[in-house]
Amino acid sequence: MSTIALIIAGGSGHRMGQDIPKQFINVYDKPVLIYTLEGFQRHPEVDAIEVVCIDGWHDVLKAYAKQFGITKLKWVVSGGSTGQESIRNGVYNLEQYCKPDDTVIIHDGIRPLIDETVLTDVLRVCEQYGNAVTSMPYNEQIFVVNENDESTTNKYIPRETLRRVSTPQAYKFKKLDEAYHEAFEKEIGIYGSSYTNTMMVELGETLHFALGSDKNIKLTTRDDLEMFKAYLKTDKDNWLK
């Protein structure tokens with residue numbers, strides 16, 4: 001039984017406003033995507049890495065992987081026109097390599113602050129239940145906009161009933177592969193902002209929560225990039241419990 005990390009890095013990153021894809025922006029002389037891959041490279045339970053990469057950057061990625069010692073990188077495949085197509089391409093490519101009970105961790109390439117504890121818990125929960133999604137409590141109050149007057153509200157959603165879910169997510173390969181075939185054949189859960197977790201729920205699956213981390217930010221804007229740089233420069237205080 002193996003564990004494969006499927007890293008999604010197929011986006012162009014227009015919202016970052018840069019000339020190159022945001023996953024290849026250098027931060028302190030290292031591409032963002034390499035920071036992400038290093039988290040999986042270091043984790044002892046991850047056996048191999050597959051990256052779904054934007055066309056034209058495959059060789060660049062392979063060169064960076066060699067430079068920074070990402071020896072677990074085994075496959076680089078092309079992305080699709082949407083996020084779900086990119087994940088699908090990665091899953092379908094693994095059909096020739098994965099066994100049914102292998103675990104696949106899906107993770108955004110632009111979430112570079114992946115924590116070892118989070119990865120370990122995602123794998124633990126997936127081994128127990130067949131899937132696992134990183135989750136965090138929602139700490140703000142959520143109010144519903146009044147449909148008759150968008151500047152007012154008279155309804156809220158108790159935050160105790162909500163969870164923020166992101167990547168990493170983990171799934172047993174057989175279920176994951178079958179789900180993507182079904183979703184694209186039936187056109188369920190593959191449009192808009194859909195992701196593997198939302199697709200699974202639309203297909204009738206029950207998902208299981210694993211630990212998350214507030215550091216696990218997604219680099220979408222320039223402000224996110226500055227926050228990432230600040231995290232890299234922050235030293236932990238030993239006296240904090």
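Excluded from the calculations below are hydrogen atoms, water molecules and symmetry mates; all remaining heavy atoms, backbone and side chain alike, are included. None of the values given here were measured: they were computed from a predicted structure.
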Check your understanding: Judged by modelled atom types alone, do Asp115 and Ser213 share a side-chain donor-acceptor pair under 3.5 Å?
Key -> no
Review point. Between Thr134 and Gln169, is any side-chain donor less than 3.5 angstrom from a side-chain acceptor?
Key: no
Check your understanding: When you check the gap from the basic side-chain N to the acidic O, do Asp121 and Arg124 get nearer than 4.0 Å?
Key -> yes
Check your understanding: Is Glu140 atom CD crowded by more than 12 heavy atoms from other residues, nucleotides or ligands, each under 6.0 Å away?
Key -> no
Practice item. Mark yes or no for whether Thr161, through its side chain, and Ile157, through its backbone, hold a donor-acceptor pair below 3.5 Å. Key: no
Point to revise | Expected output: side-chain Ser194 to main-chain Met199 donor-acceptor under 3.5 Å | key: no
Check your understanding: So, Asn26 side chain and Lys30 main chain: donor-acceptor pair closer than 3.5 Å or not?
Key -> yes
Review point. Side chain of Asn146, backbone of Thr152: donor and acceptor closer than 3.5 Å?
Key: no
Check your understanding: Can you tell which of Ile7, Ile114, Val46 makes a side chain to side chain contact (heavy atoms under 4.5 Å, CB included) with Ile105?
Key -> Val46
**Study point:** Asn131 side chain to Thr206 backbone, donor-acceptor under 3.5 Å
**Key:** yes
Practice item. Could you check Glu85 against Phe184 for side-chain contact (heavy atoms from CB on, under 4.5 Å), going step by step and ending with a plain yes or no? Key: CA-CA 9 Å; Glu85 286 185 10; Phe184 275 86; 3.9 Å; yes
Check your understanding: Taking atom OH of Tyr138 as the centre, does the number of heavy atoms from other residues, nucleotides or ligands within less than 6.0 Å exceed 12?
Key -> no
Review point. Hey, is the main chain of Asp47 close enough, under 3.5 Å, to the side chain of Thr3 for a donor-acceptor pair?
Key: no
Practice item. Could you check Tyr195 against Asp108 for side-chain hydrogen bond (donor to acceptor under 3.5 Å, both in side chains), going step by step and ending with a plain yes or no? Key: CA-CA 11 Å; Tyr195 208 88; Asp108 299 317; 2.7 Å; yes
Check your understanding: Do NZ/NE/NH1/NH2 and the carboxylate oxygens of Arg222 and Glu226 come within less than 4.0 Å?
Key -> no
Review point. Quick check: does any side chain N or O of Asp224 sit under 3.5 Å from a backbone N or O of Thr220, one acting as donor and the other as acceptor?
Key: yes
Point to revise | Under 3.5 Å: donor-acceptor pair, side chain of Gln41, backbone of Thr71 | key: yes
Check your understanding: With under 30° as parallel and over 60° as perpendicular, where do the rings of His181 and Tyr92 fit, or are they tilted in between?
Key -> parallel
Review point. Looking at Tyr28, is Lys233 sitting on its ring face, NZ or CZ under 6.0 Å from the six-membered ring centre and within 45 degrees of the normal?
Key: yes
**Study point:** Pair Asp101 + Lys175: basic N to acidic O under 4.0 Å
**Key:** no
Review point. Is the backbone of Thr103 close enough, under 3.5 Å, to the side chain of Lys172 for a donor and an acceptor to pair up by distance?
Key: no
Practice item. Considering non-hydrogen atoms only, spot the tightest contact between Ser86 and Gly80 and give its length. Key: OG-N, 2.9 Å
Exercise for review: Apply side-chain hydrogen bond (donor to acceptor under 3.5 Å, both in side chains) to the pair Tyr180 and Gln84, showing each step before the final yes or no.
Suggested key: CA-CA 9 Å; Tyr180 268 97; Gln84 280 290 63; 2.7 Å; yes
Check your understanding: Do other residues, nucleotides or ligands put more than 12 heavy atoms under 6.0 Å from Glu150 CD?
Key -> no
Review point. Is there a donor-acceptor contact under 3.5 Å from the side chain of His107 to the main chain of Arg111?
Key: yes
